[in-house]
Every structure is written in structure tokens, then in C-alpha cells.
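Report on the structure given below.
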Amino acid sequence: MEYLWYIIAAMGAGIGTGLAGLSAATVMVPILIVLCPSFGGESGAYQATAIALASDILGSAVTTVTYAKHKNIDLKRGWIMLTCILIMSTVGSYAAWLAGNVVLGSFTLFLTFFIGIRFLVKPDTSRKDAAAKGEKLDLKGVMISLFFGLTIGFGTGFVGTGGGMMMLVVFTAFLGMELKTAVGTSTFIMTFTALIASTSHILIHPAIVLERWNVLLICIVTATVSSLVSAQFANRVKNRTVGLVTGAVLTVLGAAMLILNFWEEISQIPLAVQTLVCLGKFVLFIIPCVAVVLPIKFLTKIPQFVFRKLLHLIAFSCTTFMIIVAESWQEAALASVLIALLLYPVLFILEKNKWYNDLLVQKKPGEIKNSLLMLFFMFAAVTAISWGIFDKPYATITAILMWGTGDAAAALVGIPLGKHKVKFKPVNEKKSWEGSVAMLAVSFICGLAVFLLYFRFPFIKSIIPVLAGAVIGAAAELFTPSEYDTVTVPVAILAVLLLMPI
């Protein structure tokens, strides 16, 4: 299991480096020291820091090359910072060894969370009066560079953060660099600081290489590849998008790490533990989904309605995943309600941005946040009814999957191929018979497959309930306004599955 956490930690570190010039340790150290028992000893945090620094070397290097190709590096305004940081990083590394495990572990956990909050509050750190590339530093700029260069350099060696976040703030807020130029410049500096700091860590504690060579290899390769991909993404989108994506990932990660750090106190309430575990599994499911979908959106010419259905796929699959991993209906329902309550205010704030409608393919204001609110509350309700009252958890899973796959089929077939429109008065004029037939067929096939392959129900007993659910679901989708079918269709299918004897 630890190897999986190594990969997740390195991937998160690489994404942070490529997107916003964050050091690998910001993400990697908390995961290693909290979730990997082998890093829990006296020198565990020190070893985790050294591994993160080593992973930062190539990760920062490939990121630097990517930003350099887009002319987003400005060493004329960053050379003083570079010099100071290189000198102080070795001093900080030795001080870290003397400080021990507790200081490193606690600091990096809180650092991860607050960096994420900071990006969400102000995702674009550039100033309107940004300095021109190559413009020389004035006296004030020199003094700022000396002060922050010395302090960040010490922190680089002491905490292993590489100073990426702090350099980003200094370059944008104090030295007037544009965001992407600041990221490129900071990763250039981090390449050398990570090399020096990791070398000093290893020389002080050689067991890092002798005993942890396999972890080093996994983390370095994964972080490097992730850095390259995310850096290419960052150079193709707007600054604000980069900041928001980074803030969201780090805030969730930091919160999760803090919960794990205080797990002993939380564990006194069993239902709270179960709900948080369910939430954690939900987050681990969502992160790779987002990591796959965002490059598809920005690096391909995928039609908007197809991308919209990809988002729907993530939505209904994650709700299904929660009930599969949940140990009780209470934790699945509570986790779903918490997700709704957390997502709604975040989306309420974000929808004021111009990029929001384009990214999430929103048809009208408020559609996405309202749909997600309905989805997760609906999921909590049907889970409580089917599992809590009727003791039939299979009904919820099947209903959600039949709705999700059928709804996707209706759009993917109906929009490009729907030539015969349904002309009943209550039905939306855009809906077609081709889309409705596709929904019925796909939801029936999906429901039958779930019954037979996952729940091992007999074929004879499965076919009638599933067929009835598919027919009722297709009818509900046909006559329900599109903004409400998130609730009506799965509820209609669920009602059929609960009433039919299995």
C-alpha cells in the first residue's frame, strides 16, 4: 500500500511544481510522514524531506525548460534571490537535522493547507503594474531580494519546501513579475536549491540512499513526468485558472493531512471516523478523474456536449463509488450531504469568474451548483431509503448507474444523430426518439450487467425489474425538464427496483 502513496505523493508534487512552481515537499512530505508507516520513525520526516528535494531536481528542471520555451523566465530580477538561496539552503539543511521529526511534520501539514487557501482567495498574484521582462532591480528591489532570499534559502534547507511558494509571492507581489514568469523563474532557482539541499541531506544522513533507493526512484520518475505535463497545461491556460486549480488541490490535500494528523482525537467518534474515511476515498477518486479530464478540455478540441457528459460521468460514478466503499448507509448519506454543503459555497464564489461557464459548460447561471446540490442530496435521500429502510443497497447503485449511463447515451446519440424529434407538448423540442431509445437500451444493458456481474442475481429474476426501470427512467427523462432530471430519473428507476421482487 505504501507504494501507492509514493506514487500519489510524487504525482501531486509534480502537479504543484508544474502549475505554480511549488516545491515537491509541500505535497510529498505530508503524505509520506502521515500515511506511510515506514516514515514514522525519529528521522522519518527528514528522510521524506530529502526524497522530496531529490524529486524536485528533475521536476523543476523540466518545468523550467517548458516555461523557458514560452519565454517565461526573468533572471535579471531574480539573480540576487538565486545567490542568497543557494548559500542559505545548506545551513537550513543542517538545522533541520538538529530540529527533528516533530517540527518538520507539523509545519508542512499546516503549510500545505494555508497555501491552498491563499491560492483560492487570490488565484492570480500578478500586479497590474507588472515589471517588463529583463528590467533591472532598483534599490528597493535589491533590499527585498536580499531579505527574502536569505530567509527563503534557510527555509529551503530546513523544511525542504524549495521556497517555491514564497518565491512566487515575492516575485509577483514585491518585484512585479507576471505570474507565469514568476513560476518559471522560481522553478529555475529551485532546480539548483533542490540539488544542493538534497545533497546535503543525503551527506548528513546517507541511509536515505542506502535504505530508500526504491522510494527515491519511484518519486523522482513520477514527479518529473507529472511536472512536465502540468507545466505544459499551465502555459496554455490563463493565470487565474492555474491558481484556482492549484488552490483547490492543495486545500483538499492539506485538510486531509491535518485530519489524519489528529486522527487519535477524531477516532473517539466512530460515525465521524467512518464519514471522514468515506470522504477521503471520495477525494482520492475525484483527483485522478480531474487530472484526466482537464487536459482533455484544454489540449483537445472535444465538443462541448461531449465534455459535459464526461463531467456527468464523474458525478454519477463518484456517488456510486461512495456507497460501494461505505460500511453503513449513515456514513454514505452524511458524506454526500457534507460534499454538497462544501461544494455549493465554493461554486457560488467561482461562478462569478468568466472562465467558469466555459470550463464547466454551464447552460445558464447557477446550473452547475444547483445540479450538484440536487445530485448529492438526492443520493443521500435514496441511500437512506433503499439501504436504511428497505435494506437494498443494490437498488441505489443500480439506479444511479442506469441513470448516468442512460443520460450520457441520450445526449451522445440524440444531439448528433437525433433526426426525429419528440412532438409531445410537455416534452422539450430538442429531445429526439433516437436519444430516448439510446437511453433505454444503454440503461437496460448497464442495469442488467450490474445485477448479473456485481450482485450475482439470477438472470430470470433480473431482466424484468431492470427492463421496467429502464423504461420508466427513459420516460421520466423524456417528460422532465433538463434541470430536474438529475433527481427525477434516478428516483423513478429506484422506485421500480424497490417495488419489484428480486
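None of the values given here were measured: they were computed from a predicted structure.
Between the side chains of R77 and T185, not a single donor N or O lies within less than 3.5 Å of an accepting N or O. Side-chain contact check for Y3 and N214: at least one donor-acceptor pair (N or O, by modelled atom type) lies under 3.5 Å. At a cut-off of 3.5 Å, with distance as the only test, a side-chain donor of T187 or T64 sits close to an acceptor on the other residue.
Between F377 and S336 the shortest side-chain heavy-atom distance does not fall below 4.5 Å. Annotation: side chain of I314 is in contact with side chain of I286 (closest heavy-atom distance under 4.5 Å). Using a 4.5 Å heavy-atom threshold, the side chains of L494 and S386 count as touching. Looking at T396 and W329, their side chains never come closer than 4.5 Å, going by heavy atoms from C-beta outward. Residues I57 and S198 form a side-chain contact, since some pair of their non-hydrogen atoms from C-beta on lies under 4.5 Å apart. Side-chain atoms of I80 and C84, non-hydrogen and from C-beta on, do get closer than 4.5 Å to each other.
Here S38 contributes atom OG and Q47 contributes atom CD; the two are 8.0 Å apart, rounded to the nearest 0.5 Å. In this structure, the separation between CG on N72 and OG1 on T181 is 4.5 Å, given to the nearest 0.5 Å. T66 OG1 to Q232 CD: the interatomic distance, rounded to the nearest 0.5 Å, is 5.5 Å. To the nearest 0.5 angstrom, L343 atom CG is 10.0 Å from L375 atom CG.
In this structure, F457 has its ring center under 6.0 Å from that of Y394. Not less than 6.0 angstrom separates the ring centroid of F282 from the ring centroid of F321.
Figure legend: R456 and F451 shown without cation-pi pairing, the cationic atom not lying both under 6.0 angstrom from the six-membered ring centre and within 45 degrees of its axis.
Between W403 and F316, the ring planes lie perpendicular to each other; the angle is over 60°, past the 30° to 60° tilted range.
Residue pairs satisfying the salt bridge (Lys or Arg N to Asp or Glu O under 4.0 Å) criterion with at least one member in residues 309-325, sequence neighbours excluded, are listed as follows: K309-D407.
Within a 6.0 Å sphere centred on CE of M11, heavy atoms belonging to other residues, nucleotides or ligands number 12 at most.
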